[in-house]
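All remarks here apply to the structure that follows.
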Amino acid sequence: MKNELKIYNSYTGQKEVFKPVHEGRVGMYVCGPTVYSDVHLGNCRSFASFDIVYRYLQYLGYKVRYVRNITDVGHLEGDADIGREDKISKKARLEEIEPMEIVQRYMNGFQEIMAVFNISPPNIEPRATGHILEQIEMVQAIIDNGLAYEQNGSVYFDTLKFAEKYGVYGKLSGRKIEDLMAESRDNLKNQDEKRHPSDFAIWIKAAPEHLMRWGSPWSVGFPGWHLECSVMSTKYLGETFDIHGGGADLKFPHHENEIAQNYGACGHAPANYWMHGNMLLMNGRKMSKSEGNSIMPGELFTGNSSLISKGYSPMVVRFFMLQTHYRSTLDLTDEALQAAEKGYRRLMEGNKALQQFDVASLKLATEGGDLDKEINSLIDLAFEDMSDDFNTPKALASLFELVTKVNSLKGGQLSFGEITATTLERLKKTFNDFIYDIFGLRDEDFDSSGNGVVDGLMQLILDMRQDARASKNWAASDKIRDALKELDIVVKDGKEGASWSKN
RNA sequence: GGUCGGUUGGCCGAGUGGCUAGGCAGAGGUCUGCAAAACCUCGUACAGCGGUUCGACUCCGCUACCGACCUCCA
């Protein structure tokens, strides 16, 4: 373990030192997507944030079991929670195909996009429809514990009793049960099956037209909105696990009710640390499906949207997200993306240059001086910042300062004679670790052959240009440079010869 | 309406009771056959009004504006 890891716990509202339930192991559950339409970029931000958490925990040496569900039961639509079609059934009816076909299509699409963003797949990706039995069992357990009641084939969680018994309903979202009662008074008419307005359904009797339905002791129906996460986290991570994550918009009611259900079934909260990622904004407003201001990843990559001037690659977008802390909102703008594109390239080019430094053939210091010290403190700082609630923007700032050092070493403004081999090796390793393992960035070279053909060809071309330059044949050398520029390849002349990058 | 959060230089975005965030853009310079890249230097920002303090962008209060949740949402 490099540093003491601190995590901001939404449940207590404080940054806390992370202590796993089992030494060296971490159980982490993140609420996954509802697969009734294409993922939009806001979803991606959330999963990218937790990908960093997952990656960094592993980097610190923890053995992590990461569970992220797929909600394929479909959540209810409309004002009331009874008698309405769920989203997946509705879509299925519109498209005249099986609900499971819808689920499969969008689940595939989701996983493809996750892969494009280099977001690691979880260790277990359980589906709600595959855990109907367990959900029924949990409903029964909650009833047995006296915290739920049946009404006309549906089962409701008794929030008032829960509040009396444990006194924690509303703790996560900062809500009071009296407020919940007061604000629900208006739509009381829609909720006559409930004993209390803040009660919520954990099993719902299916209306005749409802397509997704399963038998249960209470009715042919389907599980309630929040039950699957309680069930699946408990099944795969145990009754008490370490980290529960999700978007900030899930705090209430989803996570609040999840906590209630776990108390109802097990007598205690499911997770020790709750983490909430903040929203991705578009034009200052939360990007959401219902607002209609969401941009699909594909549109962002191709530039096929009126909101942006050009396409941005997946890694540029990933880098863009890293520049903001996960608990802050992130406003998506074309200008910011352009800045991120340049920044991403600077970082990656810097790393490329760094990795080409050959420790064996360089004249390095035997004893480090100020520069050596400075480099080491910047590296230390980057890790400290990551360990301070996953502060990726701060860690990036240190890396960028190191990029300047690297470029100065390359350009001769700083001397290799000022740093030791140990430090240079450490710097090289740190960059690779951060960029690839922790931040999950990828090179976006266009050499898809994977065997360096393009690199080889480019080296040949640059050699030929160098020959032309040596004989002061500027016409020939400029012709090569201009022709490459047409192909979006930029030639960069340096002290140690020319290099290139794709624009 | 209730609850919570935000307001940082041209843009994005960290952070802190007194000390350089970082990226992008801009200006000047070095280097270069030219250019690009790279390097160096620069702008000296923290919504407004009060208060606490030796000192506040950072703490407290008020005001303004913005947003999130309260309904499916990452």
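Lettering follows sequence order; numbering is per chain, from 1. Both backbone and side-chain heavy atoms feed into the values below; hydrogens, waters and symmetry mates do not. Keep in mind that what you see is a predicted model, and the values were worked out from it rather than measured.
With A38(B), A74(B), G13(B) as the choices, the nucleotide that has an atom nearest any side-chain atom of D249(A) turns out to be A74(B). Here C70(B) is the nucleotide among C34(B), C70(B), A74(B) with the atom lying nearest to any side-chain atom of P253(A). Comparing atom distances between the L250(A) side chain and each of A36(B), C39(B), A74(B) picks out A74(B) as nearest. Taking only side-chain atoms of P393(A), from C-beta outward, the nucleotide of A36(B), G13(B), A74(B) with the closest atom is G13(B). Distances were taken from every side-chain heavy atom of V490(A) (C-beta onward) to each of A36(B), C39(B), C69(B); the shortest belongs to A36(B). Taking every side-chain heavy atom of F400(A) into account, G22(B) is the closest of A38(B), G2(B), G22(B). The S288(A) side chain lies nearest to C73(B) when the options are G23(B), C73(B), A36(B).
If G277(A) and L281(A) are placed on RNA chain B by their nearest nucleotide, the residue sitting closer to the 5' end is L281(A). Of the two residues near RNA chain B, S173(A) and K405(A), the one whose nearest nucleotide lies more 5' is S173(A).
In this structure, R175(A) satisfies the cation-pi test against F252(A), with its NZ or CZ atom closer than 6.0 Å to the six-membered ring centre and inside 45 degrees of the ring normal. A cation-pi geometry, defined here as NZ or CZ lying under 6.0 Å from the six-membered ring centre and within 45° of its normal, holds between R327(A) and Y8(A). Seen from the ring of W274(A), K171(A) does not count as a face-on cation partner, given the 6.0 Å and 45° thresholds.
Counting non-hydrogen atoms under 4.0 angstrom, E401(A) reaches the backbone sugars and phosphates but no base. No engagement by G412(A) is indicated, since no non-hydrogen atom pair under 4.0 Å with the nucleic acid exists. If you check every strand for non-hydrogen atoms under 4.0 Å, L347(A) touches nothing. The residue H325(A) sits close only to the backbone: its heavy atoms come under 4.0 Å of sugar-phosphate atoms, none of a base. Note on K286(A): a base of the nucleic acid sits closer than 4.0 angstrom, heavy atoms only. Among the atoms of the strands shown, base atoms are found under 4.0 Å from some heavy atom of D493(A). Looking at heavy-atom distances under 4.0 Å, G42(A) makes contact with a base. Note on G32(A): only backbone sugar-phosphate atoms sit closer than 4.0 angstrom, heavy atoms only; bases stay farther off.
Stacking between F47(A) and the base of A74(B) is absent under the criterion of ring centres within 5.5 Å and planes under 30 degrees.
Taking 3.5 Å as the limit, the base of G33(B) and the side chain of S477(A) contain a donor-acceptor pair of atoms between them. One donor-acceptor pair, N or O on each side, does fall under 3.5 Å between the base of A35(B) and the side chain of R481(A). On a pure distance criterion of 3.5 Å, a polar donor-acceptor pair joins the side chain of D478(A) and the base of G33(B).
The side chain of N391(A) contributes an N or O atom lying less than 4.0 Å from OP1 or OP2 of G15(B). For G13(B), the OP1/OP2 oxygens have no side-chain nitrogen or oxygen of S328(A) closer than 4.0 Å. For the pair K394(A) and G22(B), the criterion of a side-chain N or O lying under 4.0 Å from OP1 or OP2 is not met. Side-chain nitrogen and oxygen atoms of N43(A) include at least one within less than 4.0 Å of the OP1 or OP2 phosphate oxygen of A74(B). In this model, the phosphate group of C39(B) is approached by a side-chain N or O of R346(A) to a distance below 4.0 Å at OP1 or OP2. The phosphate of G67(B) has OP1 or OP2 within less than 4.0 Å of a side-chain N or O from R285(A).
Between F110(A) and F47(A), the ring planes are perpendicular. Angles over 60° get that label, and only those under 30° would be called parallel. Taking the six-membered ring where tryptophan is involved, the planes of H255(A) and H244(A) are perpendicular, since the angle between them exceeds 60° and thus also 30°. The aromatic rings of Y56(A) and F390(A) sit perpendicular to each other, their planes meeting at more than 60°, with 30° as the lower class boundary.
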Pairing of RNA chain B as dot-bracket, 5' to 3': ( ) intra-strand, [ ] crossing, | other strand, . unpaired, with Watson-Crick or G-U pairs under 3.5 Å?
(((((((..(((.....[...))).(((((.......)))))....(((((..]....))))))))))))....
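When the C1' atom is used for both A25(B) and C12(B), the distance is 11 Å, rounded to whole Å.
Electrostatic pairing of D443(A) and K352(A) does not count as a salt bridge here, judged by no charged N lying under 4.0 Å from a carboxylate O.
The distance between the ring centers of Y156(A) and F200(A) does not fall below 6.0 angstrom.
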Run the numbers on M321(A) and Y326(A) for side-chain contact (heavy atoms from CB on, under 4.5 Å), then give the verdict.
CA-CA 8 Å; M321(A) 292 172 176; Y326(A) 76 92; over 6 Å; no
